[in-house]
There are 2 protein chains.
Amino acid sequence: MAKKITIYDIAREAGVGIGTVSRVLNNNPSVTPETRTRVTEVAKRLSYQPHTYAQRLARQQSETISAVIPFFTSYFFMEVLRGVQEKVSEYGYDLVLYGVEHADEVESYVAKALRRGKVDGILFFSMKMPDRVLADLKESNLPVGLVDAVSPSFDSISVANSEGAYTATTHLLELGHRKVGMVNAQSMSTPALERLQGYRRALEEQGIPYSDSIVRCGKNTRHDGFNRDSGYEAMLDFIAMGPDMPNAFFISSDIQAFGAIAALNEKGLRVPEDVAMVGFDDIELARLMRLTTMRQPMFQMGVLAIERLVARMSHPEMEILHTTFSPTLIVRESCGALMTSEGTPSAKSRLR
Amino acid sequence: MAKKITIYDIAREAGVGIGTVSRVLNNNPSVTPETRTRVTEVAKRLSYQPHTYAQRLARQQSETISAVIPFFTSYFFMEVLRGVQEKVSEYGYDLVLYGVEHADEVESYVAKALRRGKVDGILFFSMKMPDRVLADLKESNLPVGLVDAVSPSFDSISVANSEGAYTATTHLLELGHRKVGMVNAQSMSTPALERLQGYRRALEEQGIPYSDSIVRCGKNTRHDGFNRDSGYEAMLDFIAMGPDMPNAFFISSDIQAFGAIAALNEKGLRVPEDVAMVGFDDIELARLMRLTTMRQPMFQMGVLAIERLVARMSHPEMEILHTTFSPTLIVRESCGALMTSEGTPSAKSRLR
DNA sequence: ACGTTTTGCGGAAACGCTTCCAAGCTTAAA
DNA sequence: TTTAAGCTTGGAAGCGTTTCCGCAAAACGT
C-alpha cells in the first residue's frame, strides 16, 4: 500500500497551511486562484484521496442512506430498489443495504443504525414494525421513509392496494364472471389484507355475497406468501373443488399468478379459456406471460422515496407526506377480455 | 435529538477514565469484573451508541464491503446478490451498493472507493475493466473479488460458459436436431463470447459446420443484450428466414428465451413441437415456463464470493484463487426431450 | 521485610479531516 | 497620513474513538 497522503503532506509540499488545503479541496472561495492551482496540482501529483471517515467525523454527517428490505430479492423490491439506487447515486450518497428476515432483526438493525451519525436517512420497505421501534425511530429524529407501508409519523410511499384489488375484481365481474375467487398471500401481510378488502368491496358492490370458501392462500410463507409456490398450491386447492371451482380469479401478485397458471396447466385447464385471472404488480414477465394485471410504478416509487427522504433531510420540519399510487389495470389476455368472438384468443394471444 | 453521549460522559458518570470505558466496550480483558459491570451499566443507562465513523477512523478500518454491479437489476445479479447480502451480514460488515451503467462510471467509482479506508473490500460483478483500472486496483492492495469475470490478478468466481453452451448445444444435437441456431447476447460481452465458442465447439465436434447465418443477436443492448427484447427480436429475425429457419436453438439466457418464445407464439409456432430450445441461467421462472436450461448456482456464487473476499482480507498474501462452476443441464420441456411417443408433450407439459 | 513482577487503570496522543479565530496584508475611505 | 474594512492565510481546536505509555497498587518470590 502506497504511503497514505494526508492534507499535511500537501500543505508541506505546496508551502501552505492545512487550512488552506482543506479550503481548496472543498471549493471554499476565499483562496486566491494562484494558491488554489498550486495546491490542486500538488494534490493531483501525490494522487491524494481524502479519508472518508475522517471527513464524516469532522463534518458530522455520513452521506449515507440505508435501505432495509425484507426477503431480499423479490421482483417487487428489486424493481423499487433500482429506482432507489439510481437516485441515491445521483445525489452522491452511499447506499447501504440491509436484508432482514424477521421482525426482531429489524429491531437490532435499527439499534445499530441509530448509532450516532451512522446514516443520514433510512428507508424501510414493507415492514410492519413494533410500536416501540417506531417510537425510538421517531424520537431519534432520524429522517425515515416508508415504502409500501404506512405510519402516521413518517413519510410514506405506498400503493392503493384496496383500490387496485377492487379494480381488478370489478374488471373480472364486468367481463361477466359471477364466481370470482381470490388467491391471496398470507393474511398477516398488510398488502394482502388490503387487497382482500378491495376484492370484497367489489363483490359486494355488485351484489355478490363474499365467501371465505373461494379465497385461498397457499401454505408456502416465503416472502409472506407472495411467491410462486403459494399460488400454485392455492390453485391446486381450488381445482380440487371440482365443478364448484370459480372460473375467474383475482390473484394478489403476478408471481403467484404464474404458479397458479402452472397448476391449471398441469390439470389440463387453460387460461383464459377455462379460467380467467388478473394479477397484481406487473413485473417484467407479466407482459411476456400475457397476464392482465394491476401495474404498480415500482421504479418510480423508488425514485420518489429517495427524493422525499433527501427533502426531509434538508427540511426536517417539513410536514409529513403520504403518497399513494393508484395501480392501473393493464389488460392483456389472461382475463379473457381480448378473446375474439369465436371464443378463441386473438391471433397474438395464446396463454399456453 | 437527544444529546450525544460519548465515552467521556460514561467515564465521568462511572468515575473511571476513558481508556477504561473503551476497554470495557471492546471486551478488552484487562478490566476487573466490578469496573466492567459498573461501566456497562452506565453505558446502558445513558443508552450509549458508539460513533461509527470515529471508530472507523481510529481503528483504521471500515467494516464495509462494496459491490459494484452493472445494470442494476437483472435476475442473475439479484440472485447472486442475495447470497452476497446474506453472507455479508453474517460477517457483520456493511454492504454498500453501486450500480454502474457505463465503463467510465466504474473508473470514477474505483477512484472514490480507493479513498483510503473507505471499504475493506470490493466485489465487481461481470465487469470488463480497463487495464489501467485493474492496475490501480492491484497497486492499491485493496482486496478485490470478481464475480462472473476473470482476471489473473484477482480472485474470481465464474461459470464455465463455454462448457455450459457446449452441453446445451450437444443436448439438442443428441435429440436429433441437425440445424441448431443460437440466440446470443451482445458479442462485446465476455459471457456471450464464451457461450458462442461452446456452441461452436459442440457443432464442430458432431461434424456440423458452423455458420454465422444462424447465430443472431437482437439489437436491444440493455444489460449487454441479456434481456427479453433482444431475444424477441432475434427470434423474429429467425422466423423471417422461413423454411430455412433452424428448428432448435441454444439461447444465451433464460430471459432472452422468454422473449424468443413470445415471438414464436405470436407467429403461431410452438415450443417444443415446432422449435426446441435450451436456455442458460435457470432463473426462478424457467421452472415455471418449463424451460430446459443450464443452471448456474447463483446464490452459492454470491456466498462464495464473500467468503473468499473475507478470507483475503485476513490473509492478503494468500494465493489467488479462481473458482469456476460448471453449469448443469436441467431438462424440462422446451427441448422436446420429454415428448411422448405420439409426438405430443406429456400430460404435464404444454409450453404454450 | 524487601525487591520484582503483574495487573488495572488514567489519560495523552493519534487517526485525518473541518472550521473557527486571530493575524498579516491590502485596499478603500476620511 | 491614519483608520477601518476586506481578503488570505496559518494553525489550533474539535469531532469520538482506540491505543500506547507509564504509574500505582497489588501480588508474588525469597
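Per chain, numbering begins at 1; letters A, B, ... match sequence-line order.
The pair Asp94(B)-Lys118(A) meets the salt-bridge criterion, with a side-chain N (NZ, NE, NH1 or NH2) lying under 4.0 Å from an Asp/Glu carboxylate O. Ion pairing between Glu79(A) and Arg82(A) holds under the 4.0 Å rule for side-chain N and carboxylate O. A salt bridge between Lys87(B) and Glu90(B) is present, with a side-chain N of the basic residue lying under 4.0 Å from a carboxylate O of the acidic one.
Judged purely by atom type and a 3.5 angstrom limit, Ser314(A) uses its side chain to pair as donor or acceptor with the backbone of Ala311(A). In terms of modelled atom types and a separation under 3.5 Å, the side chain of Asp120(A) and the main chain of Glu63(A) share a donor-acceptor contact.
For dG16(D), the OP1/OP2 oxygens have no side-chain nitrogen or oxygen of Gln55(B) closer than 4.0 Å.
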Apply side-chain contact (heavy atoms from CB on, under 4.5 Å) to Val39(A) and Val16(A), showing your working. CA-CA 8 Å; Val39(A) 170; Val16(A) 300; 4.0 Å; yes
Output, in order, the C-alpha distance, side-chain angles, deciding distance and verdict of ring pair (Phe, Tyr, Trp, His ring centres under 6.0 Å) for Phe76(B) and Phe226(B). CA-CA 10 Å; Phe76(B) 174 74; Phe226(B) 288 106; 8.7 Å; no
Give the intermediate values and the outcome of side-chain contact (heavy atoms from CB on, under 4.5 Å) for residues Val106(B) and Met127(B). CA-CA 9 Å; Val106(B) 187; Met127(B) 306 231 108; 3.8 Å; yes
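For Phe124(B) and Phe154(B), the distance between ring centers is not under 6.0 angstrom.
Annotation: Lys128(B), atom NZ; neighbour count of heavy atoms from other residues, nucleotides and ligands within 6.0 Å is above 12. In this structure, Glu86(B) places its CD atom where only 12 or fewer heavy-atom neighbours from other residues, nucleotides or ligands lie under 6.0 Å away.
Whole-Å rounding puts the Gln60(A) CD to dC15(D) C1' distance at 5 Å. Rounded to whole Å, the distance from CD1 on Ile18(B) to C1' on dT17(D) is 8 Å. Put simply, NZ on Lys4(B) is 14 Å from C1' on dT17(D), counting in whole angstrom units. Atom CG of Leu57(A) is separated from atom C1' of dG14(D) by 9 Å (rounded to the nearest Å). Summarising the geometry, the separation between CG on Leu25(B) and P on dG16(D) is reported as 15 Å, rounded to the nearest angstrom.
Between atom CG of residue Asp136(B) and atom CG of residue Leu142(B) there is a gap of 12.0 Å, rounded to the nearest 0.5 Å. Taken to the nearest 0.5 Å, the CG atom of Leu321(A) stands 8.0 Å off from the CD1 atom of Ile157(A).
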Heavy atoms under 4.0 Å is the rule here; annotate nucleotides 21-26 of chain D 5' to 3' with B where the base is hit, S where only the sugar-phosphate is, and - elsewhere. ------
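You can see that DNA chain C meets the heavy atoms of chain A within a 4.0 Å-exclusive cut from dG16(C) to dC20(C), reading 5' to 3'.
Near DNA chain D, meaning a heavy atom under 4.0 Å away, the residues from residues 33-54 of chain B are Tyr48(B), Gln49(B), Pro50(B), His51(B), Ala54(B). Listed by residue number, the members of residues 6-17 of chain A with any heavy atom below 4.0 angstrom from DNA chain D are Gly15(A), Val16(A), Gly17(A).
Using cut-offs of 30° and 60° on the angle between ring planes, the pair Tyr98(B) and Tyr109(B) is tilted.
In this structure, Ser22(A) reaches the bases: a heavy-atom distance under 4.0 Å links it to at least one base atom across the strands shown.
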What pattern of brackets, bars and dots sums up DNA chain D from 5' to 3', given Watson-Crick or G-U wobble pairs under 3.5 Å, [ ] for crossing pairs and | for another strand? ||||||||||||||||||||||||||||||
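Note on residues 8-27 of chain A: pairs passing salt bridge (Lys or Arg N to Asp or Glu O under 4.0 Å), not counting sequence neighbours, are Asp9(A)-Arg12(A), Glu13(A)-Arg45(A).
Side-chain N/O atoms of Thr40(B) and Thr37(B) include no donor and acceptor closer than 3.5 Å.
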